[in-house]
Amino acid sequence: MTSQPTGYAERRDGVLAIVVSRQIEATIDDVWGWITTPDKLEQWIGTWSGDPGQGVVDFLMLAEGAEKPEPMHIRTCVPPTTLHVTAESTMGHWLVNIDLEEASARTTLSLTHLDVPADMLGAVGAGWEYYVDRLVAALRGDDVAAIDFEADYFPALADRFSIPPEG
């Protein structure tokens with residue numbers, strides 16, 4: 001594994017959510033570029049095409065071998081701090097928020113996946129740990145392919161994302 005896992009599950013506004021964050025040794029503009037520029041995004045997760053100004057792009061999840069792009073609706077985009085999207089995929093309706101904050105040439109990335117079904121918390125949480133680690137590796141110029149989901153993330157991290165108690 002490339003980093004210490006930071007993710008956890010929580011109840012937020014009546015739904016289950018996964019939260020994963022990382023401190024990244026890069027400027028906010030660099031990190032923003034790696035999450036929004038198709039050729040950089042392609043190196044760690046997938047790519048997109050279309051006109052984001054229309055509020056939707058076609059996202060192709062290359063890291064999981066997808067052959068057909070699926071719509072990604074842009075709910076909020078405020079460069080270089082906020083990207084909130086809704087993915088319509090074969091896996092369902094995914095609400096994903098990425099928020100960035102910079103301090104002293106380090107950027108904190110906070111990824112929140114809202115409304116995760118209870119039976120998917122472990123897999124989704126481990127998956128986001130994996131993808132955020134791939135992003136950090138790509139930013140550093142490390143070998144992204146060396147990061148192994150099955151060996152280091154799932155099922156190894158699934159228990160981190162147990163259902164939080166109500167209340």
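The figures here come from the full heavy-atom set of this structure, side chains too, leaving out hydrogens, waters and symmetry mates.
- For Glu64, the side chain to side chain donor-acceptor pair (under 3.5 Å) partners are Tyr131, not counting sequence neighbours.
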Apply side chain to side chain contact (heavy atoms under 4.5 Å, CB included) to Leu41 and Phe59, showing your working.
CA-CA 10 Å; Leu41 191 68; Phe59 181 72; 3.9 Å; yes
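- Under the salt bridge (Lys or Arg N to Asp or Glu O under 4.0 Å) criterion, Asp29 pairs with no residue at all, not counting sequence neighbours.
- Arg160 places a side-chain N or O within donor-acceptor distance of the main-chain N or O of Gly7, the cut-off being under 3.5 Å.
- Among residues two or more places apart in sequence or in another chain, the salt bridge (Lys or Arg N to Asp or Glu O under 4.0 Å) test is passed with Glu25 by Arg106.
- Phe161 is connected to Ile163 through a chain of hydrophobic side-chain contacts under 4.5 Å among Ile, Leu, Val, Met, Phe, Trp and Tyr, so both are in one cluster.
- A heavy-atom distance below 4.5 Å is found between the side chains of Leu109 and Leu135.
- Partners of Thr27 under the side chain to side chain donor-acceptor pair (under 3.5 Å) rule, at least two apart in sequence or in another chain, are Asp30.
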Distance-only donor-acceptor pairs under 3.5 Å for side chains of residues 48-56, two or more places apart:
| residue | atom | partner | partner atom | Å |
| --- | --- | --- | --- | --- |
| Trp48 | NE1 | Thr36 | O | 2.9 |
| Asp51 | OD1 | Gly53 | N | 2.9 |

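- At least one side-chain heavy atom of Leu83 sits less than 4.5 Å from a side-chain heavy atom of Trp32.
- For the salt bridge (Lys or Arg N to Asp or Glu O under 4.0 Å) test, no residue two or more places apart in sequence or in another chain qualifies with Glu101.
- For Arg22, the salt bridge (Lys or Arg N to Asp or Glu O under 4.0 Å) partners are Glu129, Asp133, not counting sequence neighbours.
- Taking the side chain to side chain donor-acceptor pair (under 3.5 Å) definition, one finds that Asp142 meets it with Arg140, sequence neighbours left out.
- When the side chains of ILVMFWY residues are joined at heavy-atom separations under 4.5 Å, either directly or via intervening members, Ile98 and Val124 end up in a single hydrophobic cluster.
- Using a 4.5 Å cut-off between side-chain heavy atoms of Ile, Leu, Val, Met, Phe, Trp and Tyr, Leu62 falls into a hydrophobic cluster with Leu60.
- What you find for Ile18 and Ala9 is that their closest heavy atoms are CD1-CB, 4.2 Å.
- In this structure, the side chains of Arg134 and Ile45 stay at 4.5 Å or more apart for every pair of heavy atoms.
- Minimum heavy-atom separation, Ile147 to Ala137: CD1-CB, 3.7 Å.
- Cluster membership check: Leu100 shares its hydrophobic cluster with Val96, using side-chain heavy-atom separations under 4.5 Å among Ile, Leu, Val, Met, Phe, Trp and Tyr.
- Across Thr6 and Val20, no two heavy atoms sit closer than the pair OG1-CG1, 3.8 Å.
- Using a 4.5 Å cut-off between side-chain heavy atoms of Ile, Leu, Val, Met, Phe, Trp and Tyr, with links allowed through other members, Val116 and Tyr153 fall into the same hydrophobic cluster.
- You'll find the side chain of Val136 stays beyond 4.5 Å of the side chain of Trp34, heavy atoms only.
- Contacts of Asp148 classified as side chain to side chain donor-acceptor pair (under 3.5 Å), with partners at least two apart in sequence or in another chain: none.
- Of the inter-residue distances, the one linking Asp115 atom CG with Leu16 atom CG reads 8.0 Å to the nearest 0.5 angstrom.
- Within the 4.5 Å cutoff, the side chain of Leu139 has heavy atoms near those of the Val31 side chain.
- Within 6.0 Å of CG in Asp39 there are more than 12 heavy atoms belonging to other residues, nucleotides or ligands.
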Which pairs would a plain distance check flag for residues 68-75, meaning a side-chain donor or acceptor within less than 3.5 Å of a matching protein atom at least two apart in sequence or in another chain?
| residue | atom | partner | partner atom | Å |
| --- | --- | --- | --- | --- |
| Glu70 | OE2 | Thr90 | N | 3.1 |
| Arg75 | NH1 | Val85 | O | 2.5 |
| Arg75 | NH1 | Thr86 | OG1 | 3.2 |
| Arg75 | NH2 | Asn97 | OD1 | 2.5 |

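- Residues forming a side chain to side chain contact (heavy atoms under 4.5 Å, CB included) with Ser162 (at least two apart in sequence, or on another chain): none.
- Between Trp94 and His113, the ring planes are tilted. Angles from 30° to 60° get that label.
- The heavy-atom pair separating Arg12 from Ala17 by the smallest distance is CB-CB, 4.4 Å.
- When hydrophobic clusters are built by joining Ile, Leu, Val, Met, Phe, Trp and Tyr residues whose side-chain heavy atoms come closer than 4.5 Å, directly or via intermediates, Phe149 is grouped together with Leu111.
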Given His84 and Leu95, is the side chain to side chain contact (heavy atoms under 4.5 Å, CB included) satisfied, shown in steps?
CA-CA 8 Å; His84 297 180; Leu95 298 163; over 6 Å; no
